[in-house]
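Beneath this line is the structure, given in structure tokens, with notes to follow.
Throughout, a chain's letter reflects where its sequence line sits, starting with A, and its residues are numbered from 1.
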Amino acid sequence: MNPREEIIKQLKKITNLKEINLEIPPEGLGDYAFPCFVLAKTFKKSPIQIAQDLAGKIKPTKLIEKAEAKGPYLNFFVNKTIIAEDILRKIIKEKNKFGSRKHKKEKILVEHTSINPNASPHIGRARNALLGDFIVRLLRFQGYDIETHYFVNDIGKQIAMLVLGAEDKQKITFNDLLNLYIKINEKIEKTPELEQKVFELLKKLEEGDEKTKKRFRDIVDICVKGQVKIFRELDIKYDKFDYESDYLWTKKTVQVLKELEKTGKLFMDEEERYVLDQKDSNLPMESPFLVLTRADKTSLYPLRDLAYHIDKKKSKSIIVLGEDQKLYFQQLKAALTLLGKPSPQPVFYSFVLLETGKMSTRKGNLVLLEDFMKEALQKAREEIKQRHNNIDDKDAKKIAYGAIKYSILKVTPERNVTFSWKALQFEGDTGPYIQYACARINSILRKYEKEIDEKIDFSLLKTDEENNLIKLLSNFSEIIKESQRTLKPTIIINYIYNLAQGFSNFYIKCPILKADEGLQKARMLLASCVKQVLENGLSILGIETLEKM
RNA sequence: GCGCCUGUAGCUCAAUCGGAUAGAGCAACGGAUUUCUAAUCCGUAGGUUGCAGGUUCGAUUCCUGCCAGGCGCGCCA
């Protein structure tokens, strides 16, 4: 039993409460705190009085040194030596599994990124991919069997436009696509008659015309390859690519229409489109209809998306979506519910804005993710050059991409962010700061030259800096639990930043290699445990560490 | 117009389902290196948590109204 559990056990016995909510008190007031407000009504006393009463009833044990009333709070002081021994031994034993919970394997499908194959991704798209990759890594860390899916929107008006724009071009590369896409959008805006050609292309495609299919496939392949290469560079990988067009070729979209027909909610409107009536689904919209086909019976995205989600078949799945999809997702969910099918748990994020306004691939007002990566890489190379003779490109990438990932994941997903080139920092609350703490520990480990010994005198770890680190380390599992509950990366980001900061303090004030043998061994163990936990946290964010910086 | 999200220090962001004195970083200023890596550390300064009410022992957090930004509201995806 750890001290936290023992405190909860004692409190439950004394108070008869079913749930005990412990807090971490401000510095110096103890290790755990129990706020007594909840008991004020049942005991008909002031929380201040209750705290005092309870303090007298807490029995000191091996783990709990004392309980002290401070205003309406009951603060607990625990035996730090036992905590240190408990937590450090656990970290050494569990290594890169430390912090994860033990449980039976459960399959979860996570769909993320899924961007239109029309051009190189802009930085806003990175938010989807990074958030999705974080969720994948977090759940894998927790022992889930995760399958990562990428839905390739290889069909539809946008792609048809691109195909049209590429009509008279000889050889097209990934880098040509963005300009091609912008130009065809401009062209169609100026001469709307051209739009007809786009719909003709789609009609031919859906009829299965092989030549048209090939034209689409060629463009989509170039695009998807280029996009995936960029994400691959960021170490974001996918287990399966699901092509939207497959749902047409397998006639699954037709099946969906048939199924919907049985519900009596599907009708053909005055313009001969198939429309799903969603009036009974309690959706916050004026006219709750989901249009599934065009008048020429070619499919619209919601129809193909429905077929895709029915096909996912997993009992549990998660999907990362931009906030523009919020209402649409409610519609999709309602349609799935109507068919008796499960829907995924959505995770939404807000858009990245530019100082010059909103981002738009169509209008070419955007910052490309690859340009941001290049900029970060160049900065990383310069920083390394200032410190070392030769630049290891692998290291430069770790730093650059670590900084990018950290800066994007740092912001809570539902907030808008305004992109700025100046935002890329390597100092302070950044990825490189955490990596630097790890590199410092690695450096000490190299100079120590001996194996880490866990048979140490734990009572030697008693400075504020050491206690702070031990306290933080013992909180890691809670942090993981909390971030799994919310699927938000900020919780882990804050934690590892605090831990790295705590280590920097410790590093300045508590010399390791110069300490006496016993203390040296103890601090060495502590430092290597800090490194382990930092690495565990970073690995969930997809950030790598370095031997030297 | 209606619905959802956001608004915290000059800037970028935190704040673990309502808790103790709202915390960091950047920028500014002042300090620390004969020392395990200065991508570091310490200090100073910086706040009516958009505004106005309300709920309660207690509100950045919950409710109402207003203001500002984002997103959405039938043949884009």
Base [N] to side chain [X], donor-acceptor N/O within 3.5 Å cut-off:
{"X": "A:N75", "N": "B:A20", "answer": "yes"}
{"X": "A:R485", "N": "B:C17", "answer": "yes"}
{"X": "A:S350", "N": "B:G70", "answer": "no"}

Figure out the [atom1]/[atom2] separation between [X] and [N], and round it to whole Å.
{"X": "A:L424", "N": "B:A39", "atom1": "CG", "atom2": "P", "value": "17 Å"}
{"X": "A:Q435", "N": "B:A39", "atom1": "CD", "atom2": "C1'", "value": "10 Å"}
{"X": "A:Y433", "N": "B:U40", "atom1": "OH", "atom2": "P", "value": "7 Å"}
{"X": "A:Q425", "N": "B:U12", "atom1": "CD", "atom2": "P", "value": "13 Å"}
{"X": "A:E286", "N": "B:G1", "atom1": "CD", "atom2": "P", "value": "13 Å"}
{"X": "A:E427", "N": "B:A24", "atom1": "CD", "atom2": "C1'", "value": "15 Å"}
{"X": "A:K70", "N": "B:U21", "atom1": "NZ", "atom2": "P", "value": "10 Å"}

Check: Looking at residues at least two apart in the chain, or sitting in another chain, which of them share a side-chain hydrogen bond (donor to acceptor under 3.5 Å, both in side chains) with A:N536?
Finding: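 A:N536 satisfies side-chain hydrogen bond (donor to acceptor under 3.5 Å, both in side chains) with A:Q532 only.
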What I'd like to find out is whether the side chain of [X] reaches to under 4.5 Å of the side chain of [Y], using heavy atoms alone.
{"X": "A:Y243", "Y": "A:V220", "value": "yes"}
{"X": "A:Q278", "Y": "A:K265", "value": "no"}
{"X": "A:L513", "Y": "A:K447", "value": "yes"}

Next item on the list: Test A:E414 against A:K488 for salt bridge (charged side-chain N to carboxylate O under 4.0 Å, His left out), laying out the working first.
Entry: CA-CA 10 Å; A:E414 54 263 28; A:K488 283 183 184 177; 2.8 Å; yes
If you only use heavy atoms from C-beta on, which nucleotide in [options] is closest to the side chain of [X]?
{"X": "A:F351", "options": "B:C73, B:C71, B:A14", "value": "B:C71"}
{"X": "A:V417", "options": "B:C71, B:C13, B:U16", "value": "B:C13"}
{"X": "A:Q501", "options": "B:A77, B:C41, B:C73", "value": "B:C41"}
{"X": "A:R273", "options": "B:C76, B:G25, B:C75", "value": "B:C75"}
{"X": "A:P432", "options": "B:A39, B:C5, B:G7", "value": "B:A39"}

Next item on the list: Dot-bracket for RNA chain B, please, read 5' to 3', with Watson-Crick or G-U wobble pairs under 3.5 Å on both distances, ( ) within the strand, [ ] crossing, | other strand, . unpaired.
Entry: (((((((..((((.....[...)))).(((((.......))))).....(((((..]....))))))))))))....
Distances for protein N/O vs nucleotides 59-69 of chain B N/O pairs under 3.5 angstrom?
none

[N] and [M]: how far apart are their [atom1] atoms, nearest whole angstrom?
{"N": "B:U40", "M": "B:C2", "atom1": "P", "result": "49 Å"}
{"N": "B:G69", "M": "B:A28", "atom1": "P", "result": "31 Å"}
{"N": "B:C13", "M": "B:G70", "atom1": "P", "result": "15 Å"}
{"N": "B:U44", "M": "B:U6", "atom1": "C1'", "result": "33 Å"}
{"N": "B:G53", "M": "B:U48", "atom1": "C1'", "result": "15 Å"}

Below 30° counts as parallel, above 60° as perpendicular, anything between as tilted: where do the rings of [X] and [Y] land?
{"X": "A:F151", "Y": "A:Y301", "answer": "tilted"}
{"X": "A:Y495", "Y": "A:F476", "answer": "tilted"}
{"X": "A:F419", "Y": "A:W421", "answer": "perpendicular"}

Notebook entry, point to check: Counting just side-chain N and O atoms, does A:R294 come under 4.0 Å of either OP1 or OP2 of B:C76?
Noted result: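 Checking B:C76 against A:R294, a side-chain N or O does come within under 4.0 Å of OP1 or OP2.
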Check: OP1 or OP2 of B:C42 sitting under 4.0 Å from any side-chain N/O of A:N505?
Finding: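 Answer is yes, contact under 4.0 Å.
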Item checked: B:C41 glycosidic torsion: syn (within 90° of 0) vs anti ->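 This nucleotide is in anti.
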Next item on the list: Could you classify B:G50 for me, syn or anti, using a glycosidic angle within 90° of 0 as syn?
Entry: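 Anti, which is what one calls it when the glycosidic angle falls more than 90° from 0.
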Next item on the list: With A:K157 as the cation and A:F199 as the aromatic partner, state whether NZ or CZ is under 6.0 Å from the six-membered ring centre and within 45° of the axis.
Entry: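 Geometry flag: not set, cation outside 6.0 Å or 45°.
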Margin query: Show every salt bridge (charged side-chain N to carboxylate O under 4.0 Å, His left out) that has at least one partner inside residues 385-403 of chain A, sequence neighbours left out.
Written below: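 Matches after skipping sequence neighbours: A:E233-A:K397, A:R381-A:D393, A:E383-A:R387.
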Checklist line | Contact letters for nucleotides 32-37 of chain B, in which S counts primed atoms plus P, OP1 and OP2 and B counts the base, heavy atoms under 4.0 Å | finding: ---SBB
Margin query: Ignoring hydrogens and geometry beyond distance, is a side-chain donor-acceptor pair present between A:E427 and A:T430 at under 3.5 Å?
Written below: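 Note: A:E427 and A:T430 side chains miss the donor-acceptor criterion.
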Item checked: Centroid-centroid distance, A:F76 to A:F34, less than 6.0 Å ->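 Not under 6.0 Å, so no.
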Item checked: Residue list, ring-ring contact (aromatic ring centres under 6.0 Å, His included) with A:Y497, at least two apart or on another chain ->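 In terms of ring-ring contact (aromatic ring centres under 6.0 Å, His included), with neighbours along the sequence ignored, A:Y497 is linked to A:Y433.
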